[in-house]
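Only one structure is covered here, and it is reproduced in the block below.
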Amino acid sequence: MKIATWNVNSVRQRQHLILDWLEREQPDVLMMQEIKCETAQFPAEAFQKAGYDCAVVGQKSYNGVATLVKSGMEITTDHLPGFDHPVARYVEVRTQGLTLGNLYLPNGNSGGEDGYATKLAFFDALTARARAFLQTDTDFILAGDYNVCPTPEDCAPGALGPDDALVRPQSRAAYRRLLWLGLTDGLRALHPSGPAYTFWDYQAGAWGRDCGLRIDHALLSPRVAERLETAWPDRDERAMERPSDHVPLIVTLRDKAQATA
DNA sequence: ATGACCATTTATAATGGA
């Protein structure tokens with residue numbers, strides 16, 4: 001099973017890149033963030049034509065998430081329970097025995113201390129969600145744009161200042177609290193050290209200098225982690241014409257029969 | 001070489017992104 005997360009930075013601007021990528025990679029699931037449109041403006045027909053059902057939670061301007069699934073799915077929630085802000089940043093579906101939370105965590109650099117508090121509040125609600133899944137023995141993946149570089153090697157030298165919300169100690173502590181419930185960071189489980197960036201700023205020639213960040217993550221529940229086969233950021237996508245500033249993060253899972261054999 | 005981007009908004013500069 002092949003599952004990807006990708007902050008596309010406008011689904012309408014990136015529609016053809018996304019469709020080309022789906023055609024090439026044939027993932028079972030694609031969780032997109034920052035679709036930057038209302039639900040009615042989402043190009044669902046084009047994705048349906050490519051063989052995907054769409055769970056879309058749109059919003060004008062920024063925000064907006066959508067999950068594409070090849071086989072059947074059920075939408076379990078269109079918002080993050082316990083996070084009481086009217087923003088389209090979470091959609092959760094159930095497919096093939098997995099609950100898949102697609103999240104777009106607030107950046108936290110705008111809106112002063114209130115803005116930063118909103119980021120931590122999202123983390124709290126997400127952690128509560130994960131705890132509830134563990135208590136009910138639910139197999140799940142929480143994937144998306146976390147807007148956190150978990151460790152210093154996830155941030156290229158000089159890419160961010162020490163007070164940036166993506167690297168602040170409280171941001172990293174919040175990420176660790178979630179992880180330490182017993183989840184597995186899919187990328188780091190297979191590639192424990194070294195850069196594995198998923199984002200390069202449009203500014204300052206960041207891509208050319210490989211001045212990137214690892215801020216998109218896929219966190220797996222224990223039984224799902226046992227099936228983890230590969231995990232990689234698809235860097236090729238950043239070299240395309242008019243790309244998103246993020247690339248897809250892809251994880252593949254062995255099927256259940258193999259895992260228990 | 002101390003600059004430099006991109007998308008959206010009932011736009012035509014401001015704002016958020018990271």
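Chain naming here is simple, since letters A, B, ... match the order of the sequence lines and numbering starts at 1 in each.
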- Query: Quantified in whole Å, what is the C1' atom distance between nucleotide B/dA11 and nucleotide B/dA7?
  - Reply: 12 Å

- Query: Does A/R24 pair with A/D236 as a salt bridge, N-O distance under 4.0 Å?
  - Reply: no

- Message: Among A/D216, A/L126, A/I215, which residue satisfies the side chain to side chain contact (heavy atoms under 4.5 Å, CB included) criterion with A/Y146?
- Response: A/L126

- When the C1' atoms of B/dT2 and B/dG16 are considered, how many whole Å apart are they? 25 Å

- Task: Quick one: list whatever passes ring-ring contact (aromatic ring centres under 6.0 Å, His included) with A/H16, sequence neighbours left out.
- Result: none

- Between B/dA13 and B/dA1, how far apart are the P atoms? Round to whole Å, please. 35 Å

- Query: For nucleotides 8-18 of chain B, read 5' to 3', which letter fits each nucleotide if B means a protein heavy atom sits under 4.0 Å from the base, S means only the sugar-phosphate is that close, and - means neither?
  - Reply: BS-----BSSB

Give the table of side-chain donor-acceptor pairs shorter than 3.5 Å for residues 48-55 of chain A, with sequence neighbours excluded, one pair per line with atom names and distance.
{"unit_1": "A/Y52", "atom_1": "OH", "unit_2": "A/P27", "atom_2": "O", "d": "2.6"}

- Note on the structure: Between A/R14 and A/R209, whichever has its closest DNA chain B nucleotide further toward 5' is A/R209

- Query: Of the options A/V65, A/N7, A/V56, A/I18, which is the one that meets A/M32 in a side chain to side chain contact (heavy atoms under 4.5 Å, CB included)?
  - Reply: A/I18

- Should the pair A/R235 and A/Y197 be classed as cation-pi, given the thresholds of under 6.0 Å to the six-membered ring centre and 45° from the axis? no

- Item | Rounded C1' spacing from B/dT10 to B/dG3 in Å | 35 Å

